[in-house]
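In what follows, a structure is listed as structure tokens, so that the remarks can point back to it.
As the structure is a prediction and not an experimental result, all values here were calculated from the model.
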Amino acid sequence: MKSLLSRLAVQKSEMLACLRYLVELESPSHHKAALDTLGRHLAGEFGKIGGRTRFHIQGDAGDHLQVDFPGAGKPILILGHVDTVWDLGTLASMPFRMAKGRAYGPGSFDMKAGIVQAIYAIRALQELDGRLPRAITVLLVTDEEIGSYSSRPITEALAKESAAVLVLEPAQGPKGALKTSRKGVGAYRVKVEGREAHSGLDSDKGASAVLELARQLLVIEKFTDRKRGITVNPGVIRGGTRTNVVAGEATAEVDARVSQSKDIAYLDKKFRSLKPFDKRCRVEITGGIGRPPMERSKKGVVLFALAQRVAKELGWELEGTSVGGGSDGNFTAALGIPTLDGLGAVGEGAHARHESVVIAEMPRRAALLARLIETIP
């Protein structure tokens, strides 16, 4: 154990150089060419340590990278994503930099440092033992930040063939807690069609879609039930064309989250039961929960207990927590595959301009991942 951790600690500067290179290869979710450039670079990096690489070719999305390392038994699936929320050109105002023990830059925390840690964890196992203790599959997808629409079938198929799934999403909080449960995530679109009219000459003949939508949002607000872990948030609204026109159309985009799978149908029924207050208006509901919740399970509890024992051997107390955000680990956990999330970097500022990674934690997190690969049954 000490040999593993000391080896990775010596490689910290190499890990940082690797992280810098990945951060400076910007990779927004909607830019296929940029994603494919990063993917091919990573294929080369994994190839250097013996991985057999292949791409799941996509038309519009970036190509998803799969890396297989042969070995005994069912593989461990290491799951991550290369896409970020940052547009091309962000580096000009948010460059990679290091200050006060942190590495900053777009995508550093979510989740390029986690990918670096995985590369060095696998390499360390090979260097210490001359071979890997078991089969490993790495899947790095390109569309996690926008719903995983093209990658979900690939993720689920590989998970079904795996003994467990280790997700490289960032850890939670300054103590680096693992994410042992997550909410299911989705979105609804509430569209109201009204009747346009001149607001001065014929206002009585109009039926305002904006007013109808406002009434609907007051109903939707009450769908939140914090005791059950259900939240809704009307985050975007649009409506009308001009101030002197009774609005003929209005829409709202509503974020929806649930803690329990059984509440997916419950919440969906509430949305689809909405009826117009003004009978001259029409209300149309589309969308739903696309990412199921990652609920605590017996298999998940056993896997987290193993991670805690490994962390204790490495010299710290590992915590677990529940979070409201979703990840691709939601898909694998919903299939009944033991899944641990939050095995990536320790830091802060995901999706924010102060996004950063605690440099000193990178070798330790890589060691944790390596030992889990060794010890998971």
Side-chain angles (χ1 to χ4, degrees), residues 1-8 11 15 42-56 64-80 114-141 151 153-169 178 180 297-314 318 328-329 331-344 363-377:
M1 185 72 73
K2 289 181 180 178
S3 177
L4 173 65
L5 190 53
S6 61
R7 178 177 291 271
L8 286 163
Q11 295 172 342
M15 297 174 76
L42 285 168
E45 292 299 300
F46 280 104
K48 290 176 185 176
I49 58 173
R52 299 172 182 171
T53 63
R54 60 166 292 199
F55 285 97
H56 298 267
H64 309 304
L65 173 60
Q66 178 180 335
V67 187
D68 295 301
F69 292 89
K74 294 181 74 173
I76 296 294
L77 176 59
I78 298 176
L79 185 57
I115 297 171
V116 173
Q117 290 166 191
I119 292 170
Y120 279 81
I122 294 169
R123 195 173 92 171
L125 287 173
Q126 292 172 325
E127 290 174 346
L128 284 170
D129 300 329
R131 61 181 176 83
L132 290 173
R134 67 180 310 142
I136 301 170
T137 299
V138 179
L139 178 64
L140 299 177
V141 307
S151 62
I154 302 165
T155 297
E156 292 179 334
L158 291 175
K160 290 174 183 177
E161 300 171 357
S162 303
V165 180
L166 304 177
V167 186
L168 300 175
E169 289 286 351
L178 297 189
T180 55
S297 66
K298 290 182 180 179
K299 291 179 181 178
V301 169
V302 170
L303 187 54
F304 176 61
L306 174 60
Q308 285 184 305
R309 291 198 297 273
V310 168
K312 193 167 186 178
E313 292 172 2
L314 289 167
L318 183 63
D328 286 345
F331 299 137
T332 64
L335 295 172
I337 312 300
T339 300
L340 265 185
D341 204 335
L343 282 159
R364 192 162 72 162
R365 301 298 285 194
L368 173 63
L369 181 63
R371 282 292 291 149
L372 283 171
I373 291 169
E374 281 188 305
T375 55
I376 291 173

ask   = Given the rule in the side-chain contact (heavy atoms from CB on, under 4.5 Å) test, do Ile76 and Ser162 qualify, once you have shown the distances and angles that lead to the verdict?
value = CA-CA 6 Å; Ile76 296 294; Ser162 303; over 6 Å; no

Tell me, do [X] and [Y] make a side-chain contact under 4.5 Å, heavy atoms counted?
{"X": "Ile78", "Y": "Ile136", "answer": "yes"}
{"X": "Leu166", "Y": "Ile376", "answer": "yes"}
{"X": "Leu125", "Y": "Pro133", "answer": "yes"}
{"X": "Leu168", "Y": "Leu79", "answer": "no"}
{"X": "Val138", "Y": "Gln66", "answer": "no"}
{"X": "Glu156", "Y": "Thr332", "answer": "no"}
{"X": "Val167", "Y": "Leu340", "answer": "no"}
{"X": "Asp129", "Y": "Glu374", "answer": "yes"}

Would you give the length of the straight line joining atom [atom1] of [X] to atom [atom2] of [Y], rounded to the nearest 0.5 angstrom?
{"X": "Thr375", "Y": "Arg309", "atom1": "OG1", "atom2": "CZ", "answer": "8.0 Å"}
{"X": "His64", "Y": "Arg54", "atom1": "NE2", "atom2": "CZ", "answer": "11.5 Å"}
{"X": "Ile373", "Y": "Ile122", "atom1": "CD1", "atom2": "CD1", "answer": "5.5 Å"}
{"X": "His56", "Y": "Leu140", "atom1": "NE2", "atom2": "CG", "answer": "11.0 Å"}
{"X": "Arg7", "Y": "Tyr120", "atom1": "CZ", "atom2": "OH", "answer": "12.5 Å"}
{"X": "Leu8", "Y": "Arg365", "atom1": "CG", "atom2": "CZ", "answer": "13.5 Å"}

message = For Leu65 and Thr53: C-alpha separation, side-chain torsions, deciding distance, then whether side-chain contact (heavy atoms from CB on, under 4.5 Å) applies.
response = CA-CA 7 Å; Leu65 173 60; Thr53 63; 4.1 Å; yes

Could you pull out the closest heavy-atom pair between [X] and [Y], with the gap in Å?
{"X": "Ala159", "Y": "Val165", "result": "CB-CG2, 4.2 Å"}
{"X": "Ala367", "Y": "Leu5", "result": "CB-CD1, 3.8 Å"}
{"X": "Gly73", "Y": "Ala135", "result": "O-CB, 3.8 Å"}
{"X": "Lys160", "Y": "Leu335", "result": "CE-CD2, 3.9 Å"}
{"X": "Ala307", "Y": "Leu318", "result": "O-CD2, 3.7 Å"}
{"X": "Asp328", "Y": "Ser151", "result": "OD2-OG, 4.5 Å"}

task = Carefully, step by step, assess Lys74 and Glu161 under the rule salt bridge (Lys or Arg N to Asp or Glu O under 4.0 Å).
result = CA-CA 7 Å; Lys74 294 181 74 173; Glu161 300 171 357; over 6 Å; no

Heavy-atom donor-acceptor pair, Thr339 side chain to Ile337 backbone, under 3.5 Å = yes

Full working for side-chain contact (heavy atoms from CB on, under 4.5 Å) between Leu368 and Leu314 = CA-CA 8 Å; Leu368 173 63; Leu314 289 167; 4.2 Å; yes

ask   = What do the steps show when you test Phe69 against Gln126 for side-chain contact (heavy atoms from CB on, under 4.5 Å), and what is the final call?
value = CA-CA 11 Å; Phe69 292 89; Gln126 292 172 325; 4.1 Å; yes

message = Under a plain distance cut-off of 3.5 Å, with no hydrogens placed, do Thr137 and Asp68 share a side-chain donor-acceptor pair?
response = yes

